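Computed from heavy atoms alone, side chains included, the values below leave out hydrogens, waters and symmetry copies. Count residues from 1 along the sequence. In this text the structure is predicted, and so the values were computed from the model without any measurement. All ligand and atom numbering here is 1-based and tracks the order in the structure.
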Amino acid sequence: MNLLSQSHRAEQAETIAPRGQPEHESAGFNLTDSLTGLGNSARFFDKVARLIDDRAADPAPFAIGIVGLDGFKPINDLFGRDAGNDILQQAALRLQAAMDEHSVVTRFGGDQFAILMPMVFQDAAARMKSAMLTEVLSAPYDVGARAARLSASVGCSLFQSGDETPEVLINKAETALYHAKRMSRGSIVVYSQQMEAAAQRTTSIEQALRRAVATGDVEPHFQPIVDLTSRQAIGFECLARWTDRDLGFVSPSDFIPIAEERGIIGPLSQHLLSKATEAAYAWPEHLFLSFNLSPSQLVDQNTGLQILSILNKTGFDPRRLEIEITETGVMSDPASAEKIVTDLRSVGIRVSLDDFGTGQSSLSRLRDFQFDKLKIDRAFVSSILDDKPSEHIVRAIIAMCDGLGIDVVAEGIEQEEQAERLVDFGCGGGQGYLFGKPCNSASTLGYLREAFLGASQKIS
Ligand code: C2E
Ligand code: MG
Ligand code: MG
């Protein structure tokens, strides 16, 4: 069903009337999206190019916005493809109805719509229009007898000077949308110069990281996880460390998300797990190795096999390996994550829920998924001494894990008093600078030799 009437489309074409040049459609290009009846991305490029031409003599600004539906894929998977198509058609209708007659609404592809706003001259106005669109799109969608809810994020850019091409303007809006998506759901971002610098840094990190993975220059470091009562190490978490010759030290909080987005996380993770299990092989046998998996690895069904093949090669006992996953990781595709978790657990690998309390998951995940351990996020632990709500939350998590038969580790312990308070609450495990910062494999081995000197365990 085409939702956009012929007359409305004619109106759109008139909004930025062709100047002498025929529209591409008449030259044989398809400019219409068959699902929604809106113009497609080719039409959007064409309309932007024409408006830039129009404004050549009088370079008044105008805005474009790219609207991305948040969480469309899970809804598509949950309700089915036809329902997904229905939602896109309803979204198209809403956007079309919400915009004035000067604007052009197109389907940009997948779950994205692009909007040309010739009468929007400033950032603030672009934000206001976008806020109105996110509002309109957040109302429930009819899907058969049920209703689905989703939100939308918007990235905008403003045409400021005659030098800008449609490609540049659209790239900027896409960059802004990318930033919006990395914030919370329903965010609106207008492109700025700082984003350009951030985008360039991301590209340099990506390129340098690709080289570092190929040459094996990302190193596993290890941070002790201790039994809070005895203060003895029970295992180590592997944390990636990378110093590039040009960029210097790059934090994993910066390069891991880039590795995920640019498709490098698989090879990076395999390289790290090989090195980490080789190092951990030399530790006393009762110590486990905890390894972080990224959300995107939980939607890739090869992940389990790749982990097993590395363990096979290095001879590391799967029962000594723990995999840390986050609530967000479980959220993006619960069915896929559950299959991977089940496969890993079937060979004796233990699975922890990392950074608990900060993600978007619901408590029902703890019922549906079988976790062996839960790690309480540093955000709660660091304020446990002076913030009553944090204390209550930590106590409730510990009690819940006790009931569920799940081990608990408190992350980010920096002070002795925090550790003591956690012991009082019945927390079994702890991790943090109080017990040790992440160290390379040689220093970790040195630490273990000292810690277990004279003990019966053999350290090779
Ligand atoms: P995470 O898995 O929650 O790791 C704990 C982070 O907290 C680490 O930061 C660690 O250095 C830091 N930390 C530990 N104790 C303390 C403390 O007492 N105080 C403070 N302020 N911080 C503490 P790091 O190494 O910068 O890693 C950040 C995040 O990057 C990790 O959070 C994890 O999500 C990710 N990451 C690191 N290595 C890998 C990896 O190999 N693969 C994947 N997928 N993610 C990784
Ligand atoms: Mg972790
Ligand atoms: Mg953590």
Side-chain angles (χ1 to χ4, degrees), residues 205 209 212-213 216-226 228 233 235-243 249-277 279-280 288-300 303 306-307 310 321-330 332 337 340 350-359 361 371 373-385 397 408-419 422 429-441 444:
I205 291 178
L209 188 60
V213 171
D217 284 337
V218 185
E219 285 293 325
H221 278 215
F222 303 95
Q223 183 178 33
I225 298 173
V226 304
L228 269 182
F236 287 82
E237 176 173 3
C238 170
L239 293 159
R241 290 291 177 269
W242 171 45
T243 303
F249 174 81
V250 188
S251 160
S253 308
D254 291 334
F255 71 77
I256 296 283
I258 295 173
E260 280 207 44
E261 281 151 17
R262 309 284 165 109
I264 321 171
I265 193 71
L268 169 62
S269 199
Q270 288 169 46
H271 156 74
L272 278 169
L273 184 63
S274 295
K275 279 193 161 184
T277 47
F288 64 80
L289 169 73
S290 205
F291 190 82
N292 292 286
L293 278 193
S294 287
S296 62
Q297 294 176 280
L298 292 171
V299 292
D300 179 356
T303 299
Q306 282 161 355
I307 292 174
I310 292 167
L321 183 65
E322 292 193 0
I323 292 296
E324 296 190 12
I325 62 180
T326 59
E327 295 166 73
T328 315
V330 176
S332 45
I340 293 173
R350 290 160 53 85
V351 179
S352 317
L353 188 55
D354 199 6
D355 305 340
F356 185 73
T358 56
S361 177
F371 292 106
K373 186 180 276 177
L374 182 151
K375 299 183 81 176
I376 307 175
D377 193 78
R378 182 162 63 89
F380 300 110
V381 176
S382 59
S383 51
I384 194 175
L385 296 177
I397 295 174
V408 193
V409 167
E411 299 188 282
I413 304 175
E414 294 183 352
Q415 300 166 22
E416 180 56 39
E417 298 79 48
Q418 292 170 338
L422 286 159
Q431 181 179 356
Y433 294 166
L434 179 67
F435 313 111
K437 289 195 168 176
C439 289
N440 66 20
S441 49
T444 302

Checking S290 against E324 for the side chain to side chain donor-acceptor pair (under 3.5 Å) test, could you report, in this order, the C-alpha distance in whole Å, the side-chain angles of both residues, the deciding distance, and whether it holds? CA-CA 7 Å; S290 205; E324 296 190 12; 2.8 Å; yes
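Protein N/O/S atoms closer to the Mg ion (ligand 2) than 2.8 Å number 4 in this structure.
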Could you go through ligand 1 and list every pair where one of its N or O atoms sits under 3.5 Å from a protein N or O, giving the atom names and the distance to one decimal?
unit_1	atom_1	unit_2	atom_2	d
ligand 1	2 (O)	E237	OE2	2.9
ligand 1	2 (O)	N292	OD1	3.0
ligand 1	2 (O)	D354	OD2	2.9
ligand 1	3 (O)	D355	OD1	2.9
ligand 1	3 (O)	E411	OE2	3.4
ligand 1	15 (N)	Q223	NE2	3.0
ligand 1	18 (O)	Y433	N	2.9
ligand 1	19 (N)	E414	OE2	2.5
ligand 1	21 (N)	R378	NH1	3.1
ligand 1	21 (N)	E414	OE2	3.2
ligand 1	22 (N)	Y433	OH	3.3
ligand 1	25 (O)	R241	NH1	2.9
ligand 1	25 (O)	R241	NH2	2.8
ligand 1	38 (N)	A240	N	3.0
ligand 1	44 (N)	S294	OG	2.8

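What you find for E327 and G357 is that their closest heavy atoms are OE2-N, 2.8 Å. Shown here for G216 and H271, the closest heavy-atom pair between the two residues is CA-CE1, 3.2 Å. When all heavy atoms of S269 and L293 are compared, the pair lying nearest together is OG-CD2, 4.3 Å. The shortest heavy-atom contact between A279 and F222 is CB-CZ, 3.9 Å.
Counting heavy atoms from C-beta outward, L209 and V250 have side chains that stay 4.5 Å or more apart. Put simply, the side chain of V409 does not reach to within 4.5 Å of the side chain of F356, judged on heavy atoms. Within the 4.5 Å cutoff, the side chain of Q297 has no heavy atoms near those of the I325 side chain.
Atom CD of Q431 and atom CD1 of I225 lie 4.5 Å apart (nearest 0.5 Å).
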